[in-house]
Amino acid sequence: MPELAKAYEPQQVEDRLYKKWQEGGYFRANPKSAKPPYSIVMPPPNVTGKLTLGHVLNNTLQDILCRKARMEGREVLWLPGTDHAGLATQTAVEKHIRNTEKKTRHDFTRDEFVARIWKWKEEFGGIITQQLRKLGCSCDWSRERFTMDKDYKHAVQEVFVRLYNEGLIYRGTRMVNWCPGSLTAISDEEVIPTKQKGFLYHVKYQLVGEPNNHLVVATTRPETIMADVALAVKPGGKWAHLVGRKVIRPLHRAEIPIIADDAVEEGFGTGVLKVTPAHDKADYEIGKRHNLPAIDILTPKAKINDPGEHDASELHSLDRFEARKRSAELLKERGLLEKEEPYENTVGFSERANEAIEPRLSTQWFLKYPNIKEALALLQKGHVKFHPEFWTKTYEHWIENIQDWCISRQVWWGHRIPVWYRIVWTDDKKVHGEETVCQITSPGEGWEQDPDSLDTWFSSWLWAYETMRTEDGTRQKFYPTSALVTGPDIIFLWVARMLIAGLHFKPNGEKATESETLEANLAFKDVYFTGLIRDKQGRKLSKSLGNSPDPLDLIAKYGADGLRFGLIRIAPQGADIRFDEKQIEEGRNFCNKLWNICRFRTMQGAIDPQADPFRHTRSIFADELLDRLHFLLEGERNALVALKAFNFSEAASQLYDFVWNDFASRFVEAAKIDFAQADSPTRAGTLATFDYVMSRVLRLLHPFAPFVTEELWCELGFGEETILTTTWPTKSPRPETWSSRAQGIYLSADMGRSLRADLGIPSNQKAYYSLVSAGHLILTESERGVFESLLNAFALRFEDVKAAIKTFTPLGDLYISGGVIDPALQKQRLTKDLAKVEKDLEQTRRKLGDANMLAKAPPAKVEEWRALEVSLVEKEKSLRESLEKLQG
RNA sequence: GCGCGGUUAGCUCAGUGGUAGAGCACUACAUUGACACUGUAGGGGUCACAGGUUCGAACCCUGUACCGCGCACCA
């Protein structure tokens with residue numbers, strides 16, 4: 001058998017194995033397979049994006065689910081792909097062109113510019129999918145999709161036309177969230193409320209006919225005063241008597257009425273509200289109620305647009321924030337600013353451009369969501385489950401308060417809206433006439449398509465099933481999908497909408513019963529929401545902070561498995577993750593540990609892939625390991641249960657603990673005794689146990705750390721081809737010969753080593769130990785060998801050693817001699833131990849002395865306390881003896 | 001303001017009623033034949049706070065404080 005390298009070297013392994021997997025077609029899903037299906041669609045990353053730690057976490061989890069499902073005998077489809085990410089991609093390309101050619105998108109025609117984006121996509125579009133391969137993702141690359149593929153594009157258009165015909169999509173003029181940075185409307189879900197420090201300006205509005213009387217209005221936006229059309233007060237409130245009177249608008253002076261409206265809260269500010277219907281959502285509603293005009297004084301870029309000669313002309317064409325300052329100054333100069341006080345309020349920001357959103361009256365396309373009741377029932381009836389469950393409430397709340405979705409974007413890169421307008425000519429100018437048709441292809445000459453594009457999410461919401469629309473029956477086999485792994489930040493943007501799309505479009509058709517139809521058209525059954533990755537200080541990872549490590553660097557340093565395992569082990573379910581490179585280092589160290597356990601095994605000869613330890617005579621140490629394995633797989637709250645419950649970090653931790661402690665630190669150390677003696681009666685059993693357990697460990701770890709487990713599986717000879725197609729271990733019997741002897745020996749050895757350290761005897765130096773057992777414990781020769789080896793002891797003696805110090809162990813009193821006894825140190829240690837024992841004893845006795853407690857506590861518990869008392873008394877006695885000896 | 005999470009060792013987190021745990025970090029020792037990507041030992045916690053339920057509370061209930069997230073038309 002070839003000896004393995006001294007340390008695991010991922011760089012020598014990963015690319016070779018990934019190539020092998022791909023060439024072997026192991027990731028390819030077969031719709032004709034008789035195996036039960038398991039499917040996941042990958043949340044498509046931005047096509048021109050690069051891999052982030054968030055992607056690493058997300059995709060590793062999906063890979064774990066898929067690799068495990070494959071081993072469980074399912075036909076697995078993990079469908080990868082990328083998103084065109086309309087605005088984000090357009091912005092990136094615009095920035096590039098600005099930097100390199102000093103041009104804007106308006107220096108090109110729309111077609112030219114879109115062609116530039118396609119070129120950009122060809123150049124950079126493959127980066128992230130290549131990076132996912134580096135990570136080891138077992139996706140079916142033959143089915144990779146892009147949201148602007150020809151077929152996918154067509155599907156999006158079809159859906160639009162259908163919803164239009166159903167009356168669910170309509171065009172309307174409404175207040176929308178306008179981003180002056182990217183010059184497009186965005187949906188409510190894309191607005192980030194952000195706390196802003198500003199001022200509350202108290203502005204005087206003079207009453208018409210009473211030059212000495214005025215109403216004071218508190219506003220954060222004096223630059224919109226010119227668009228005021230009224231002042232509103234509370235009906236029946238303290239200003240109610242003024243309703244019907246007029247005031248003079250202080251900038252761009254004009255008379256405006258005082259009205260009464262319920263939206264006004266008297267407790268806030270001065271209790272008087274300026275009504276600016278064109279620039280505030282609430283004011284727009286008030287305006288509608290009172291039939292007031294909307295005066296728009298902002299350009300799309302949010303510069304003041306109030307031309308002409310009037311008292312505030314100088315504000316014209318100023319940016320909204322400059323205008324805010326300047327208008328406050330103007331008011332002050334005119335004695336109309338009563339005061340300004342520092343004030344913090346919440347302002348909506350656009351995620352992409354990081355610009356303050358401007359509420360703006362604009363004609364856009366909207367979707368009235370269908371199937372809302374059913375979407376709500378999905379979660380409540382348990383057809384779909386969220387993990388962690390608490391996200392369900394957030395989902396429900398959103399569904400219950402759902403608003404029509406603004407789906408049009410003033411962006412060039414994306415899916416065009418399939419609506420055509422008849423061109424009419426007025427005064428030699430081309431305009432869109434009344435006549436409108438909604439269809440995918442042009443109706444012909446004289447028609448022009450709507451210039452807007454669709455919100456990127458309007459294509460993403462079809463992702464779960466449109467990506468599966470192929471001739472070979474993929475959708476029939478693999479939809480509904482089994483699970484979705486994503487971030488809670490897109491629970492509305494994507495998750496909820498995909499569920500709604502599935503319900504409405506019924507991609508798997510109608511079935512016999514309503515409930516079957518429902519079941520057949522779920523986008524997914526389980527949704528796992530990952531946490532957000534933060535840096536050590538708890539800040540979000542971001543490019544601008546420079547605190548986001550490049551996963552590719554981490555892979556180069558620690559290997560893909562190290563990155564995966566390290567990250568998964570510390571990613572608690574449903575909570576954010578504090579990233580620390582140290583944790584990735586631990587992942588690498590773990591892989592190396594596994595590697596070296598196997599390396600040790602190769603030194604003992606060939607492994608037996610079919611090894612069955614239960615047919616051999618076994619040492620108690622082999623039994624102990626088999627026992628631990630049994631509990632790992634079948635115990636209460638075992639690793640498999642954790643994995644089934646999407647508790648990935650718990651499963652990873654249990655495996656880590658089993659490999660490092662049970663396997664390496666204990667079993668391997670004990671096995672050395674068997675391996676050192678060719679004629680040991682338990683040697684064969686130990687070898688078989690080793691191979692049997694390792695075979696299962698490698699398979700259990702494979703989904704977490706695919707490369708190192710595959711390499712070891714093949715190198716050691718557990719299988720010739722691949723670990724990918726092996727079976728997932730689910731159980732392992734508890735050896736009927738198991739006893740607690742091995743545990744006793746391990747524990748006693750730990751205590752013996754502690755003594756050695758007290759005496760300052762280095763761990764590599766042999767020491768003299770003696771064991772005096774109170775009972776009739778007799779160690780077999782090999783048990784004694786293991787005990788001596790763990791202690792690094794000379795031949796163990798079985799007599800009281802007067803000059804030595806001792807400790808009370810499960811095996812009896814363990815003495816050590818040699819080394820230098822430092823009486824002060826000894827006394828300190830013994831006193832400390834004694835204090836602890838006495839405290840425990842006192843606590844236990846208090847319980848046992850409490851009649852009430854004894855009467856009401858379960859008898860089994862009382863027995864436990866009694867047993868504890870006995871052992872504590874023994875321990876106390878032993879400690880006192882040692883102390884006396886030290887003093888005497 | 002409402003809702004949802006969280007608060008346990010220096011750090012990251014387990015721990016859903018019965019003697020407070022792990023990993024890392026720290027300290028000391030050790031280059032012993034699987035592994036220094038290591039081994040051995042050690043120090044370190046009134047479980048945020050206050051009440052309550054219980055024989056018994058880190059755990060269940062109520063309230064408070066602080067942190068994070070989501071929702072909300074407070075100008």
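Chain naming here is simple, since letters A, B, ... match the order of the sequence lines and numbering starts at 1 in each.
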Just the rounded figure in Å: distance from P of B/rG18 to CG of A/L854. 18 Å

Base, sugar-phosphate or nothing for A/D840? Non-hydrogen atoms, less than 4.0 Å. base

Under 4.0 Å between a side-chain N or O of A/N589 and OP1 or OP2 of B/rU38? yes

Per nearest nucleotide of RNA chain B, the residue lying toward the 5' end, A/R221 or A/I570, is A/I570

Atom pair OH/CZ of A/Y395 and A/F492 - distance to nearest 0.5 Å: 10.5 Å

Proximal nucleotide (of B/rA25, B/rA34, B/rG70) relative to the A/K582 side chain: B/rA25

Across the strands shown, which category fits A/R753 at heavy-atom distances under 4.0 angstrom: base, sugar-phosphate, nothing? sugar-phosphate

Short side-chain donor-acceptor distance under 3.5 Å, A/N792 and A/N764: no

A/K672 near the nucleic acid: base, sugar-phosphate alone, or nothing, with a heavy-atom cut-off under 4.0 Å? base

Identified pairing partner of B/rA25, criterion: Watson-Crick or G-U wobble below 3.5 Å: none

Let me know the distance between CD1 of A/I402 and P of B/rC71, rounded to the nearest Å. 13 Å

Heavy atoms under 4.0 Å, any strand shown: does A/I597 hit a base, just sugar-phosphate, or nothing? base

Taking CD from A/E344 and P from B/rC74, how many angstroms apart are they, rounded to a whole number? 14 Å

When the distance from CD of A/E189 to C1' of B/rG70 is rounded to whole Å, what number comes out? 12 Å

Whether the A/Y746 and A/E669 side chains hold a donor-acceptor pair (N or O, under 3.5 Å, no angle test) is what I'd like checked. no

Using a cut-off of strictly less than 4.0 Å, decide whether A/R578 has a side-chain nitrogen or oxygen near OP1 or OP2 of B/rU12. yes

Residues A/R174, A/D404: salt bridge by 4.0 Å N-O rule: yes

Proximity to the side chain of A/E586 - top-ranked nucleotide from B/rC35, B/rA75, B/rC24: B/rC24

Does A/K832 put a side-chain nitrogen or oxygen below 4.0 Å from OP1 or OP2 of B/rG43? yes

On the nucleotide B/rA34, are OP1 or OP2 found under 4.0 Å from the side-chain N or O atoms that A/T602 carries? no

Check this for me: does any side-chain nitrogen of one of A/R829 and A/D833 sit under 4.0 Å from a carboxylate oxygen of the other? yes

If you look at every strand shown and take non-hydrogen atoms under 4.0 Å, does A/D283 touch a base, only sugar-phosphate, or nothing? nothing

Counting only heavy atoms not in A/K234, do more than 12 sit closer than 6.0 Å to its NZ atom? yes

For B/rA57, which nucleotide is its Watson-Crick or G-U wobble mate, given both distances must be under 3.5 Å? none

Can you see if the side chain of A/R534 gets near the phosphate of B/rC11 - specifically, an N or O under 4.0 Å from OP1 or OP2? no

Quick one: do the A/T392 and A/E389 side chains pair a donor with an acceptor below 3.5 Å? no

Rounded to whole Å, CZ of A/F600 lies from P of B/rG33 at a distance of 12 Å

Does a side-chain N or O of A/N764 approach OP1 or OP2 of B/rU31 to a distance below 4.0 Å, or not? yes

Could you check whether the side chain of A/Q604 and the base of B/rA34 have a donor-acceptor pair of N or O atoms closer than 3.5 Å, going by distance alone? no

What does A/N345 touch in the nucleic acid at a heavy-atom separation under 4.0 angstrom: a base, only the sugar-phosphate, or nothing? sugar-phosphate

Scan A/E285 against the nucleic acid and name what it touches under 4.0 Å (heavy atoms): base, sugar-phosphate only, or nothing. nothing

Select base, sugar-phosphate, or nothing to describe what A/L200 touches, counting heavy atoms under 4.0 Å on all strands. nothing

How is A/F390 classified with respect to the nucleic acid when contacts are heavy atoms under 4.0 Å: base, sugar-phosphate, or nothing? sugar-phosphate

Quick one: the side chain of A/K281 and the base of B/rC73, do they pair up donor-acceptor inside 3.5 Å? no

Can a side chain N or O of A/K593 be found less than 4.0 Å away from OP1 or OP2 on B/rG39? yes

Regarding A/K393, tell me which of base, sugar-phosphate or nothing describes its non-hydrogen contacts under 4.0 Å with the strands shown. sugar-phosphate

So A/A232, base contact, sugar-phosphate only, or nothing? Heavy-atom distance under 4.0 Å. nothing

I need the CG-P distance between A/L532 and B/rC69, as an integer number of Å. 9 Å

How would you label the contact of A/R569 with the nucleic acid (heavy atoms, under 4.0 Å): base, sugar-phosphate, or nothing? sugar-phosphate

One thing to verify: whether A/E842 and A/R845 come together as a salt bridge, which I'm taking to mean a side-chain N less than 4.0 angstrom from a carboxylate O. no

Could you measure between the two P atoms, the one in B/rC55 and the one in B/rG42, and give it in whole Å? 39 Å

With sugar-phosphate meaning primed atoms plus P, OP1 and OP2, does A/Y343 contact a base, only sugar-phosphate, or nothing at under 4.0 Å between heavy atoms? sugar-phosphate

For A/S665 and A/Q583, find the nucleotide of RNA chain B closest to each by heavy atoms; which residue's nucleotide sits nearer the 5' end? A/Q583

Remember a base hit wins even if backbone is also touched, and classify A/D580 as base, sugar-phosphate or nothing at under 4.0 Å, heavy atoms. nothing

